[in-house]
Amino acid sequence: MEAQTHTTADRHGYSLRFSPFEANHMLLATSQLYGLAGGGSLFLLGQSSLDDVNSQNLTELCRLEWSDGLFDVAWCPYAADIAATASGDGSLQIWSGLDVESAMTEQTPKEPLICLQEHKNEIYSLDWGEKWNYHTLLSASWDCTLKLWDCNRQNSITTFVGHNDLIYCAKFSPLIANLFASVSTDGHLNLWNSLDFTGKPLMSIEAHASEALSCDWSHFDRNVLLTGGSDGLIRGWDLRKMRTHVFELYSGEFAVRRLACSPHSATVLASANYDFTTRIWDLERGESPQEINTQHTEFVCGLDWNPQRTHQLADCGWDSVANVYTPQCLRNALA
């Protein structure tokens, strides 16, 4: 498999995100000691130019440090050099200067613009709203709560309570205003209205008999979202009939840590798994993965599609390696 890679010595990958503005740039959130202790580092990475066919390495443009592990990262949807990170100390950090010009002239600030601290335990998921919610941040924590933040205010707007265990993932719907979903180790998928200041879920269903660790929304069908669990199952849900899942994929005996629906195809998705693999699925082609990539030697934790390059995918894991590549099974679609 042809891939550009980057190794972060003594830092273990948890999350990565492509820039919505610069097709070559991505952020990588990492932690020391697998996130169990120590600090965290945020890397701004750049891909080689398309005509540099001999380069197989991503370029480290800048690196920022935090005193605790970093578990998730999200770009600001309206400023090309700003992003937020989620940390093991229960805080969110908003960073600036994450662009080539600042990085090359060493003008990227070493400290965050603002630090938001209310959660009592690790924050494992972070989403920065787009379209209707562009000024809001959504955090999901192991203190069993979610919080909605205005990035211009020090205090949260609303605290959402409705899970009974650790919350691993929360995502705004990209197609329905003010709606977001969350999943937890209590096995439940909850749906929420960000404008409901009572902080209670609109709906709560048992998505998995075991821990639910990941969720994502379709970029094409406003009614469809996916969940992944420690049971190795990926389940599809339809907002119009939530009594049971509408499809199910088996990803193996180990947990599905992260899901990413493709922004380029309505039927394509990727999963990051605790069996050290990244799997590519196409719902039009059946219930088996179209490709299983085995480039990692530890848990795969981070996953993202490049919104500006068709079918380009990135993943990262506890083996300290981040990869950027186009899955082989999707290359024919580019021909």
Does the side chain of Tyr168 reach to within under 4.5 Å of the side chain of Glu211, using non-hydrogen atoms? no
Sequence neighbours excluded, the answer for ring-ring contact (aromatic ring centres under 6.0 Å, His included) partners of His245 is Trp237
Looking at side-chain heavy atoms only, is the closest gap between Val324 and Leu45 below 4.5 Å?
no
For the pair Gln93 (side chain) and Leu70 (backbone), establish whether a donor and an acceptor sit closer than 3.5 Å, ignoring hydrogens and angles.
-> no
Connected via hydrophobic side-chain network under 4.5 Å: Leu28 and Leu42:
no
Heavy-atom closest pair (Ser125 atom, Ala170 atom, distance to 0.1 Å) is OG-N, 3.0 Å
Closest non-hydrogen contact found for Glu22 with Gln308 is N-NE2, 3.4 Å
ring-ring contact (aromatic ring centres under 6.0 Å, His included) filter on His12, not counting sequence neighbours, yields Tyr34
Rounding to 0.5 Å, atoms NE2 (His188) and CD (Glu206) come to a distance of 5.5 Å
One should read off an interatomic distance between Ile205 CD1 and Thr227 OG1, to the nearest 0.5 angstrom, of 7.5 Å
Those residues at least two apart in sequence (or on a different chain) that pass ring-ring contact (aromatic ring centres under 6.0 Å, His included) with Phe197 are none
Next item on the list: Report the relative orientation of the aromatic rings in Phe180 and Trp192; use parallel for angles under 30°, tilted for 30 to 60°, perpendicular for over 60°.
Entry: parallel
Check whether any side-chain N or O of Ser320 sits under 3.5 Å from a backbone N or O of Ala9 as a donor-acceptor pair, and report yes or no.
no
Determine, step by step, whether Asn190 and Ser204 satisfy the side-chain hydrogen bond (donor to acceptor under 3.5 Å, both in side chains) criterion, reporting the C-alpha distance in whole Å, the side-chain angles of both residues, the deciding distance to 0.1 Å, and the verdict.
CA-CA 4 Å; Asn190 286 4; Ser204 182; 2.6 Å; yes
Between Asn323 and His296, do the side chains contain a donor N or O and an acceptor N or O under 3.5 Å apart?
yes
Transitively linked via ILVMFWY side-chain contacts under 4.5 Å: Phe254 with Val183? no
Exercise. Begin with the C-alpha distance, continue with both residues' side-chain angles, and end with the deciding distance and a verdict on side chain to side chain contact (heavy atoms under 4.5 Å, CB included) for Ser41 and Thr8.
Key: CA-CA 9 Å; Ser41 302; Thr8 54; over 6 Å; no
Heavy-atom count around Glu287 CD within 6.0 Å, excluding the residue itself: above 12?
-> no
In this structure, OH of Tyr274 is separated from SG of Cys301 (nearest 0.5 Å) by 5.0 Å
On a heavy-atom basis, the closest approach of Asp165 and Ser184 is O-OG, 3.2 Å
Worksheet item: Does a side-chain N-to-carboxylate-O contact under 4.0 Å join Arg285 and Asp282?
Response: yes
- prompt: Can you find a side-chain donor-acceptor pair between His208 and Ser230 that sits under 3.5 Å?
  reply: no
NE2 of His311 to CD of Gln328, rounded to nearest 0.5 Å, is 12.5 Å
Would you kindly confirm whether Tyr14 and Ile123 end up in one hydrophobic cluster when ILVMFWY residues are joined by side chain heavy atoms under 4.5 Å apart? no
So, does Ser15 use its side chain to make a donor-acceptor pair with the main chain of Ala29 at under 3.5 Å? no
Applying salt bridge (charged side-chain N to carboxylate O under 4.0 Å, His left out) to Arg243 and not counting sequence neighbours gives none
Closest non-hydrogen contact found for Ala272 with Gly302 is CB-O, 4.5 Å
Donor-acceptor pair, distance only, cut-off 3.5 Å: does the side chain of Arg235 make one with the backbone of Glu248?
no
All heavy atoms of Lys171 vs all of Leu138, minimum pair found to be N-CD2, 4.3 Å
Side-chain contact, heavy-atom cut-off 4.5 Å: Leu191 with Met242?
yes
Arg258 side chain to Val300 main-chain N or O, any donor-acceptor pair under 3.5 Å? no
message = Does any part of the side chain of Cys151, heavy atoms only, come nearer than 4.5 Å to the side chain of Trp128, both counted from C-beta?
response = yes
State whether the side chain of Thr185 and the backbone N or O of Leu166 hold a donor-acceptor pair below 3.5 Å, judged by distance alone. yes
**Prompt:** Does any N or O in the side chain of Gln290 come within less than 3.5 Å of the main-chain N or O of Ile280, such that one atom is a donor and the other an acceptor?
**Reply:** no
Taking C-beta and beyond as the side chain, do Leu116 and Ser156 meet within less than 4.5 Å on heavy atoms? no
Is any side-chain heavy atom of Phe21 less than 4.5 Å from a side-chain heavy atom of Asp99?
no
(message) Determine whether a donor-acceptor pair (N or O, by modelled atom type, separation under 3.5 Å) exists between the side chain of Asp72 and the backbone of Leu126.
(response) yes
- Message: Using the rule given for side chain to side chain contact (heavy atoms under 4.5 Å, CB included), can you reason through Asn293 versus Leu313, listing the C-alpha separation, both sets of side-chain angles and the distance that settles it, and then say yes or no?
- Response: CA-CA 12 Å; Asn293 292 320; Leu313 185 67; 5.6 Å; no
Excluding Phe220, membership of its hydrophobic cluster (Ile, Leu, Val, Met, Phe, Trp, Tyr; side-chain heavy atoms within less than 4.5 Å) reads none
Between the CZ atom in Arg11 and the CG atom in Leu33, the distance rounded to the nearest 0.5 Å is 8.5 Å
#### Entry: Side chain to side chain, Tyr124 and Trp142, heavy atoms closer than 4.5 Å
yes
Inset, instruction - Tell me whether Val73 is reachable from Trp75 by hopping between hydrophobic residues (I, L, V, M, F, W, Y) whose side-chain heavy atoms are closer than 4.5 Å. - result: yes
Rounded to the nearest 0.5 angstrom, the CG-CG distance for Leu226 and Leu249 is 8.0 Å
| Is Leu27 reachable from Phe18 through a run of hydrophobic residues whose side-chain heavy atoms are each under 4.5 Å from the next? | no
* Asked: side chain to side chain contact (heavy atoms under 4.5 Å, CB included) between Arg222 and Leu239: does it pass, once the steps are laid out?
  -> CA-CA 8 Å; Arg222 68 200 299 265; Leu239 295 181; over 6 Å; no
- Heavy-atom distance under 4.5 Å between the side chains of Gln47 and Arg309, does that happen here? yes
Check: Leu179 main-chain N/O paired with Ser194 side-chain donor or acceptor under 3.5 Å = no
_For Ser262, is there any backbone N or O sitting under 3.5 Å from a side-chain donor or acceptor partner on His264?_
no
Quick note, side chain to side chain donor-acceptor pair (under 3.5 Å) partners involving residues 297-307, not counting sequence neighbours, are Asn306-Gln312
In short, Ala83 meets Leu98 closest at the heavy-atom pair CB-CD1, 3.7 Å
Residue pair Leu213, Val256: steps toward the side chain to side chain contact (heavy atoms under 4.5 Å, CB included) verdict: CA-CA 7 Å; Leu213 303 180; Val256 179; over 6 Å; no
Notebook entry, point to check: Ion pair present between Arg279 and Asp275, side-chain N to carboxylate O less than 4.0 angstrom?
Noted result: yes
More than 12 non-hydrogen atoms from neighbouring residues, nucleotides or ligands closer than 6.0 Å to CD on Glu106, yes or no? no
